[in-house]
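Reading through the structure tokens given below for one structure.
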Amino acid sequence: MTGRDPRQAAKADRSNPAEGLPVKPLGLRERGKREKLRRIKQAAREVFRRKGYEAATTREIADRAQVAYGTLFIYARDKRDLLMMLVNDDLDALTEPAFEAALRNGPLIKQLVAFFHPRFEYWAQRPEFSRYAVWEMFEFVTHGGDTGAQAERFRGRRSQLVSKLAELVLRKQASRRIEQSEDPQMIAWLFMAIYLSENRKWLEAQKPDVRVVKDRLRRLLKLAIKGIALDPAEWGGAARSRKRP
């Protein structure tokens, strides 16, 4: 029990939390639009799960959602857009809990693995679906050109992930646990690149094993954190003087 007055709770639920103003209830038209979108998303998930992404058709998804075929394209431009919509919804929901989990771990290496772990779990649930989703996203990043709403959501989430990683790095720099001279964003992009590369490679396996990819990720991140050059000259720094034998 929280002791919260039910009357106050009801009043708060009808208000805008940011401004304290009453929130107007959704009109019939808006409720209808949201319900159609919900049915389209549910139908897309079911058809993708049953037939796979490649064999699925937008017409079958529209039929299953009980909407007119043309109505489907009000919400998604094509099958690829539907795929990205579902993945965006799923992955957006993982970011904050993953960051909170990362903060509960001590060393940076453990924080990073904890941060990426929920994503590996997600991709491992339906490998065939995940392969298509990751491939489509890779194509989008490589070739660009897509300016739709789902593409913008994808861009925004990628930037958000890098910002979260940079915050982990900055916290370690502030506590003097890691090198302070490097830009946290640059380090974060390195960690992100390692994750993306390993994720694509891992999903090529017939049955992707989360334990396997976490182990490889941990080893690669350790190399990135630790550094492999004993002589600064190997990374472009001043050569270390050698002792004569």
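This is a predicted model, so every value here is computed, not measured. Reckoned from all heavy atoms, side chains included, excluding hydrogens, waters and symmetry mates.
- Considering all non-hydrogen atoms of both residues, Pro184 and Gln173 come closest at CG-OE1, 3.2 Å.
- For Lys164 and Glu96, the salt-bridge test passes: some basic side-chain N is under 4.0 Å from an acidic carboxylate O.
- Grouping the Ile, Leu, Val, Met, Phe, Trp and Tyr side chains by contacts below 4.5 angstrom, directly or via other members, places Val162 apart from Leu170.
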Enumerate donor-acceptor pairs with a distance under 3.5 Å from any side-chain N or O in residues 207-214 to protein atoms, sequence neighbours excluded.
from: Asp209; atom 1: OD1; to: Arg211; atom 2: N; distance (Å): 2.8
from: Asp209; atom 1: OD1; to: Arg211; atom 2: NE; distance (Å): 3.4
from: Asp209; atom 1: OD2; to: Arg211; atom 2: NH2; distance (Å): 3.2
from: Lys214; atom 1: NZ; to: His117; atom 2: ND1; distance (Å): 3.3

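- The distance from the CZ atom of Arg157 to the CG atom of Asp92 is 5.0 Å, given to the nearest 0.5 Å.
- Separation of atoms CD1 (Ile109) and CD1 (Ile225) is listed at 4.0 Å; rounding is to 0.5 Å.
- Note that CG of Leu108 and NZ of Lys222 are 13.5 Å apart. Values are rounded to the nearest 0.5 Å.
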Task: Residue pair Arg131, Glu128: steps toward the salt bridge (charged side-chain N to carboxylate O under 4.0 Å, His left out) verdict - done: CA-CA 5 Å; Arg131 290 185 194 103; Glu128 183 182 358; over 6 Å; no

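- Surrounding CZ of Arg177 are at most 12 heavy atoms belonging to other residues, nucleotides or ligands under 6.0 Å away.
- Nearest heavy atoms, Ala102 versus Ala114: CA-CB, 4.1 Å.
- Under a hydrophobic clustering in which Ile, Leu, Val, Met, Phe, Trp and Tyr are joined whenever their side-chain heavy atoms come within less than 4.5 Å, directly or via other members, Leu161 and Leu103 fall into the same cluster.
- Taking the six-membered ring for Trp and thresholds of 30 and 60 degrees, Phe116 and Phe120 have ring planes inclined between 30 and 60 degrees apart.
- Pairs engaging residues 47-65 under the salt bridge (Lys or Arg N to Asp or Glu O under 4.0 Å) rule: Glu46-Arg64, Arg50-Glu60, Lys51-Glu60 [sequence neighbours left out].
- Between Tyr122 and Phe129, the distance from one ring center to the other does not fall under 6.0 angstrom.
- If you take CG on Leu221 and CZ on Arg216, they are separated by 11.5 Å, rounding to the nearest 0.5 Å.
- When all heavy atoms of Asp90 and Arg45 are compared, the pair lying nearest together is OD1-NH2, 2.8 Å.
- Ile74 CD1 to Leu37 CG: the interatomic distance, rounded to the nearest 0.5 Å, is 11.0 Å.
- Ion pairing between Lys201 and Glu198 fails under the 4.0 Å rule for side-chain N and carboxylate O.
- When side chains are defined from C-beta on, Leu165 does not count as touching Gln185, because their heavy atoms never get closer than 4.5 Å.
- Between the side chains of Asp81 and Gln150, not a single donor N or O lies within less than 3.5 Å of an accepting N or O.
- Between the side chain of Asn88 and the backbone N or O of Met84, at least one donor-acceptor pair lies under 3.5 Å.
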TODO: Please step through side chain to side chain donor-acceptor pair (under 3.5 Å) for the pair Thr95 and Arg119, ending with a clear verdict.
DONE: CA-CA 9 Å; Thr95 301; Arg119 282 176 157 69; 3.3 Å; yes

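- In this structure, the side chains of Val47 and Thr57 stay at 4.5 Å or more apart for every pair of heavy atoms.
- Minimum heavy-atom separation, Trp123 to Ser130: O-OG, 2.6 Å.
- In this structure, Ile61 and Ile40 approach most closely via the heavy-atom pair CG2-O, 4.0 Å.
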Task: Test salt bridge (charged side-chain N to carboxylate O under 4.0 Å, His left out) applied to Glu30 and Arg34, step by step - done: CA-CA 6 Å; Glu30 183 61 29; Arg34 293 194 179 192; 3.3 Å; yes

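- Using modelled atom types, one finds no donor on one side chain facing an acceptor on the other under 3.5 Å when comparing Arg158 with Ser163.
- Across every non-hydrogen atom of Met85 and Ala76, the tightest pair is CE-CB, 4.2 Å.
- Following chains of ILVMFWY side-chain contacts shorter than 4.5 Å, one can reach Trp189 starting from Val169, so the two form part of one hydrophobic cluster.
- For the side chain to side chain contact (heavy atoms under 4.5 Å, CB included) test, residues two or more places apart in sequence or in another chain that qualify with Leu190 are Ile194, Ala224.
- The shortest distance between side-chain heavy atoms of Arg126 and Tyr53 does not fall below 4.5 Å.
- Side-chain atoms of Leu86 and Gln42, non-hydrogen and from C-beta on, never get closer than 4.5 Å to each other.
- Taken from CG in Asn105 to CG in Leu112, the straight-line distance is 10.0 Å, to the nearest 0.5 Å.
- Here the side chains of Trp135 and Arg200 are not in contact, with every heavy-atom distance at 4.5 Å or above.
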Open item on the list: Before you tell me yes or no, could you show the steps for Phe73 and Thr58 under side-chain contact (heavy atoms from CB on, under 4.5 Å), namely the whole-Å CA-CA distance, both residues' side-chain angles and the distance that decides it to 0.1 Å?
Closed with: CA-CA 9 Å; Phe73 300 106; Thr58 51; 3.9 Å; yes

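- Using a cutoff of 4.0 Å between basic side-chain nitrogens and carboxylate oxygens, Glu167 and Arg171 are scored as salt-bridged.
- Using bins of under 30°, 30° to 60° and over 60° for the plane-to-plane angle, the ring pair Phe99/Phe115 lands in the perpendicular bin.
- The environment of CD in Gln66 is sparse: at most 12 heavy-atom neighbours from other residues, nucleotides or ligands sit within 6.0 Å.
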